[in-house]
Amino acid sequence: APQVGTKKVYIIDEVHMLSKDAFNAFLKTLEEPPSYAIFILATTEKHKILPTILSRCQVFDFRRITVTDIVDHLAGIAKKEGIEAEAQALHIIAQKADGGLRDALSMFDQLVSFSGRRLTYQDVVKNLNVLDYEHYFQVTEFLRQGDVAGALVEFDTILKNGFDGHLFVAGLGHHLRDLLVCQDPRSANLMEVSEDLRKRYVEQASVVSRALLIDGLERLGQCDVQYKSSKEPRLLVELLLIQLCRAGRPKENGSEPAAPALEKKKPEPSVTPSAPAPALAVIAEELAMSAVAEPA
């Protein structure tokens with residue numbers, strides 16, 4: 001055990017996993033602790049510790065480091081080392097670290113070794129395999145305009161860049177959540193992004209309807225659950241985008257633009273027509289509607 005002065009320090013990790021008998025034996029030790037020992041109990045589930053043990057301890061609650069604190073720390077290191085780092089680049093590193101300063105420092109060191117003395121947002125996005133914000137802003141704009149073709153093409157571009165469709169679903173859900181947060185000034189500070197990016201969120205949030213955001217979050221949550229079990233995950237996401245485009249399409253005279261009436265052809269007596277697959281029928285209908293809605 002490490003020593004602090006004349007005392008030995010005993011660190012018990014994940015103390016909540018001790019058995020009941022071990023807890024009782026340890027309690028007797030804490031009631032009359034030896035003068036030469038210091039006990040440090042570490043756990044992620046404090047509520048499982050016996051109250052009689054907690055009452056004999058000094059409790060220190062450790063929380064995740066915020067994105068802002070990590071960015072400030074990285075900015076200080078960059079300034080000290082003479083490295084020019086963009087604010088958005090540092091925010092991406094901090095968000096990717098997920099509250100771990102050691103992980104953020106490791107990523108920062110690796111990126112500087114790769115990029116040199118200038119660290120840009122594009123370098124960080126490329127090397128950390130992070131989906132660029134621009135894709136989410138563009139997809140949301142297509143959803144708001146009801147542009148089915150645009151949304152599908154943008155999703156295809158994301159897949160061709162090597163990103164997983166499940167990652168896109170999770171990222172789009174996070175993007176819509178941030179837009180919903182930005183629609184109220186009281187909650188806008190909940191976003192941990194750079195100031196320039198915050199302004200873009202506020203700008204887009206002012207033109208996107210709350211109904212579209214809420215509906216999108218609900219449908220994205222369902223898609224997230226169904227994605228791994230789906231045999232056609234790409235089609236699942238495409239249907240999701242089509243449904244959101246239908247919800248976000250601007251209405252004319254209080255109603256959605258009507259689809260053109262299709263002339264029904266009588267089938268030949270010797271041929272039995274087969275119904276198209278539901279998914280393909282929906283896609284065909286939406287593409288037809290979007291084509292009619294576009295100006296000549």
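Only heavy atoms go into these numbers, but all of them, side chains included; no hydrogens, no water, no symmetry mates.
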**OP:** Please check if the side chain of Asp215 supplies one atom and the backbone of Ala211 the other of a donor-acceptor pair under 3.5 Å.
**Re:** no
Original post:
OH of Tyr121 to CD1 of Ile92: how many Å apart, nearest 0.5 Å?
Top reply: 4.5 Å
Original post:
Side-chain contact, heavy-atom cut-off 4.5 Å: Asp61 with Lys46?
Top reply: yes
Original post:
Closest heavy-atom contact between Gly171 and Tyr136?
Top reply: CA-OH, 3.2 Å
**OP:** Compare all side-chain heavy atoms of Thr140 with those of Leu172 and state whether any distance is below 4.5 angstrom.
**Re:** yes
Subject >> Point-to-point distance, once rounded to the nearest 0.5 Å, from CG of Leu217 to CG of Leu244 >> reply: 9.5 Å
**OP:** Quick one: pull up SG in Cys182 and CZ in Arg198 and give me the separation to the nearest 0.5 Å.
**Re:** 7.5 Å
Original post:
Does Thr120 offer a backbone N or O that forms a donor-acceptor pair with the side chain of Glu86 under 3.5 Å?
Top reply: no
Original post:
If two hydrophobic side chains count as joined below 4.5 Å and joins carry through other members, does Met107 share a cluster with Phe114?
Top reply: no
Original post:
Within a radius of less than 6.0 Å around CD of Glu134, do more than 12 heavy atoms belonging to other residues, nucleotides or ligands occur?
Top reply: yes
Original post:
Taking NZ, NE, NH1 and NH2 as the nitrogens, is one of them in Arg64 or Asp98 under 4.0 Å from a carboxylate oxygen of the other?
Top reply: yes
Original post:
Is there a side-chain contact between Leu128 and Leu111 (heavy atoms, below 4.5 Å)?
Top reply: yes
Original post:
Same hydrophobic cluster for Leu50 and Phe39, using side-chain heavy-atom links shorter than 4.5 Å among ILVMFWY?
Top reply: yes
Original post:
For the ring pair His135 and Phe155, is the centre-to-centre distance below 6.0 Å?
Top reply: no
Original post:
When you check the side-chain N and O atoms of His174 and Gln95, is any donor under 3.5 Å from an acceptor?
Top reply: no
**OP:** Output, in order, the C-alpha distance, side-chain angles, deciding distance and verdict of side-chain contact (heavy atoms from CB on, under 4.5 Å) for Phe108 and Leu90.
**Re:** CA-CA 8 Å; Phe108 179 78; Leu90 297 181; 4.0 Å; yes
Original post:
Will you find, in the side chains of Glu141 and Gln145, an N or O donor that is under 3.5 Å from an N or O acceptor?
Top reply: yes
**OP:** Look only at the side chain of Asn161 and the backbone of Phe163, and say whether a donor-acceptor pair between them is shorter than 3.5 Å.
**Re:** no
Subject >> Derivation and outcome, side-chain contact (heavy atoms from CB on, under 4.5 Å), residues Val207 and Arg144 >> reply: CA-CA 8 Å; Val207 296; Arg144 186 181 71 85; 3.8 Å; yes
**OP:** Compare every heavy atom of Ala94 with every heavy atom of Val71, then report the nearest pair and how far apart it is.
**Re:** CG2-CB, 3.8 Å
Original post:
Would a 4.5 Å heavy-atom cut-off, applied to side chains only, mark Leu213 and Gln183 as touching?
Top reply: yes
Original post:
Does Ser229 use its side chain to pair, donor to acceptor, with the backbone of Gln226 at less than 3.5 Å?
Top reply: yes
Original post:
Looking at Asp132 and Gln122, what are the two nearest heavy atoms and their distance?
Top reply: OD2-NE2, 3.9 Å
Original post:
What are the two closest heavy atoms between Val130 and Val125, and how far apart are they?
Top reply: O-CG1, 2.9 Å
Subject >> Intermediate values then yes/no, side-chain contact (heavy atoms from CB on, under 4.5 Å), Arg56 and Leu27 >> reply: CA-CA 9 Å; Arg56 290 166 171 78; Leu27 178 58; 4.1 Å; yes
Subject >> Co-membership, hydrophobic cluster, residues Val153 and Leu236, 4.5 Å side-chain >> reply: no
Subject >> Test item: Gln138 side-chain N/O and Glu154 main-chain N/O as donor-acceptor pair under 3.5 Å >> reply: no
**OP:** First locate atom CG of Leu197, then atom CE of Met191, and finally report the distance between them rounded to the nearest 0.5 Å.
**Re:** 6.0 Å
Original post:
In Å, rounded to the nearest 0.5 Å, how long is the span from CZ of Arg200 to CG of Leu179?
Top reply: 11.0 Å
Original post:
Does the pair Asp156/Lys160 count as a salt bridge with the N-to-O cut at 4.0 Å?
Top reply: yes
**OP:** Apply the test side-chain contact (heavy atoms from CB on, under 4.5 Å) to residues Leu241 and Val148: give CA-CA distance (whole Å), side-chain angles for both, the deciding distance (0.1 Å), then the verdict.
**Re:** CA-CA 7 Å; Leu241 294 175; Val148 175; over 6 Å; no
**OP:** Over all heavy atoms of both residues, which pair between Leu159 and Asp164 is shortest? Give the atoms and the distance, please.
**Re:** CD2-C, 4.5 Å
Original post:
Under 4.5 Å between side-chain heavy atoms, hopping through other hydrophobics if needed: is there a path connecting Val9 to Phe62?
Top reply: no
Original post:
Under a 4.5 Å side-chain heavy-atom rule over Ile, Leu, Val, Met, Phe, Trp and Tyr, are Leu176 and Val225 clustered together?
Top reply: no
Original post:
Are the aromatic rings of Tyr133 and His175 close, with centres under 6.0 Å apart?
Top reply: no
Original post:
So, for Cys245 and Asp147, which heavy atoms are closest and what is the spacing to 0.1 Å?
Top reply: SG-O, 3.6 Å
Original post:
Roughly how far, to the nearest 0.5 Å, is the CG atom of Leu235 from the CG atom of Leu240?
Top reply: 11.0 Å
